[in-house]
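Take a look at the structure below.
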Amino acid sequence: MAVAKEQIRQIISENNISSVADVYTLLKDSFKDILQELMEAELDATLGYQKNHKGDLQTDNKRNGHSTKNLKSQYGEFQIDVPRDRNGEFEPKLIPKYQRDISGIEEKVISLYARGMSTRDIHDQLQDLYGIEISAELVSKITDKILPQVKEWQSRPLNPVYPFVFMDCIHYKVREDGRILSRAAYVVLGVTVEGYKDILSITVGANETSKFWLGMLNDLKNRGVKDVLFFCVDGLVGFKEAIQAVYPQAEIQRCVIHMLRNSFKYVNYTDLKKFSSDFKSVYNAANETAALSELENITMKQNPPGSQKSADFPYQA
């Protein structure tokens, strides 16, 4: 719930806030106070009555002081007083009994790691942003914890049949041992018989080759995919043969987007937008005969008989 402007003005006035550092200090102190009150409210709910309650009680359990606990957070380290009960039944949900780090540090490390940052970069970033000192070794240990989950996801069983499977690579640059290298992420997207999209596999390789795709196809087979009706792929040399070696009954369709990109590279940039719009009637045609007819119509439309053809106009036959 947002704080009203009048409340904010009052907070600024009462705490003499004049810098960002003052705001940060206030947030840190408020964070501790809010946690303290939340834990007190948790104990109230467990016991069934509020502190200093007068009158008949429905339980023989009572408050039994506090125990101190040191916590780490994005606001640094601080101490909190954890309320106790006589019967030892109180189990805090907000901050579980053995938890001392509430900074969400692992999520932050994994998020930064996913952005391609090195362990040293992550260390420096956390130190600058949150004032949290974490060694490069600990960063490695945290990121290594997700590797078994990745392996499990990559080897999970798949459906026996997929009506459509799309296969393509995403090319990107990575820094490795001080060098900038090219990498290719092999992505397999399947459409289930219920019509839902599902990423079947993502594997990183040095560059895109039909031999690597053959290994990916065999992996799909080993994980339970018995049949695919249509594969949609680009024009990589040997791709078609790799698919036929593993799924000989499958139909192979050249990706329309890749075909369009191959066509568009011959079009002047100034004509590209109009060409793209007109060309929709060609690739949306029901069959090859209709597509050729639409292509002829576009050509005639832009180059009517008797007109002077521009030497660089894209619609020339």
So do the side chains of K221 and Y247 get within less than 4.5 Å of each other, counting heavy atoms only?
yes
Determine whether I252 and L220 fall in the same hydrophobic cluster, where Ile, Leu, Val, Met, Phe, Trp and Tyr are linked whenever their side-chain heavy atoms lie under 4.5 Å apart.
yes
More than 12 heavy atoms of other groups within 6.0 Å of L292 CG
yes
Quick check: is V246 connected to V165 through a chain of hydrophobic side chains (ILVMFWY, heavy atoms under 4.5 Å apart)?
yes
Could you state the interatomic distance from CG (L236) to CD (E241), rounded to the nearest 0.5 Å?
10.0 Å
Applying ring pair (Phe, Tyr, Trp, His ring centres under 6.0 Å), name anything that partners F230, two or more places apart in sequence or on another chain.
F164
Heavy-atom closest pair (A184 atom, C169 atom, distance to 0.1 Å) is CB-SG, 4.0 Å
Residues R254 and G235: closest non-hydrogen pair is NE-N, 3.2 Å
Does any N or O in the side chain of T46 come within less than 3.5 Å of the main-chain N or O of E42, such that one atom is a donor and the other an acceptor?
yes
Between E89 and D85, the two heavy atoms sitting closest are N-OD2, 2.8 Å
Partner set under salt bridge (Lys or Arg N to Asp or Glu O under 4.0 Å) for R183, not counting sequence neighbours
E176
Does any N or O in the side chain of Q36 come within less than 3.5 Å of the main-chain N or O of D81, such that one atom is a donor and the other an acceptor?
yes
Nearest-0.5 Å distance, CZ of residue F279 to CG of residue L272
12.0 Å
Could you tell me whether the side chain of M39 reaches within less than 4.5 Å of the side chain of H66, counting heavy atoms only?
no
Would the distance check show the side chain of N287 and the main-chain N or O of T289 forming a donor-acceptor pair, the cut-off being under 3.5 Å?
yes
Check whether V233 and L229 end up in the same hydrophobic cluster, where Ile, Leu, Val, Met, Phe, Trp and Tyr are linked by side-chain heavy atoms less than 4.5 Å apart.
no
For the backbone of K274 and the side chain of S277, can you confirm whether one donor and one acceptor N or O come within less than 3.5 Å of each other?
no
Give a yes or no on whether K69 atom NZ has more than 12 heavy-atom contacts from other residues, nucleotides or ligands under 6.0 Å away.
yes
How far apart are the closest heavy atoms of P83 and E40, and which atoms are they?
CB-OE1, 3.9 Å
Would you say that more than 12 heavy atoms from the other residues, nucleotides or ligands in this model lie under 6.0 Å from the CD of E288, or not?
no
Separation between CD1 of I80 and CG of L71, rounded to the nearest 0.5 Å:
5.5 Å
Residues in salt bridge (Lys or Arg N to Asp or Glu O under 4.0 Å) with E194, at least two apart?
none
Once you round to the nearest 0.5 Å, how far does CG of L189 lie from CG of D198?
7.5 Å
Distance-minimising heavy-atom pair for L214 and A242
CD1-O, 3.7 Å
Taken in chain and number order and not counting sequence neighbours, the residues that satisfy salt bridge (Lys or Arg N to Asp or Glu O under 4.0 Å) with R86 are none
Show me, pair by pair, the donor-acceptor contacts under 3.5 angstrom made by side chains of residues 152-159, not counting sequence neighbours?
residue : atom : partner : partner atom : Å
Q154    : NE2  : I202    : O            : 3.0
S155    : OG   : K151    : O            : 2.9
S155    : OG   : E152    : O            : 3.4
R156    : NH1  : W153    : O            : 2.9
R156    : NH1  : L200    : O            : 3.4
R156    : NH2  : I199    : O            : 2.6

Is there a side-chain contact between K197 and F166 in this structure, where contact means two heavy atoms from C-beta onward sitting under 4.5 Å apart?
no
Smallest separation among heavy atoms of F212 and G205, with atom names
CE1-CA, 4.0 Å
Within the 4.5 Å heavy-atom criterion, are P163 and V193 side-chain neighbours or not?
yes
So Y162 and V188, do their side chains get closer than 4.5 Å, heavy atoms only?
no
If I take atom CD from residue Q244 and atom CD from residue Q249, how far apart are they, to the nearest 0.5 angstrom?
10.5 Å
Note, Y172 side chain near V204 side chain (heavy atom, < 4.5 Å)
yes
D278 side, atom CG; N297 side, atom CG - distance, nearest 0.5 Å:
11.0 Å
Set of residues satisfying salt bridge (Lys or Arg N to Asp or Glu O under 4.0 Å) with respect to D219, sequence neighbours excluded:
R223
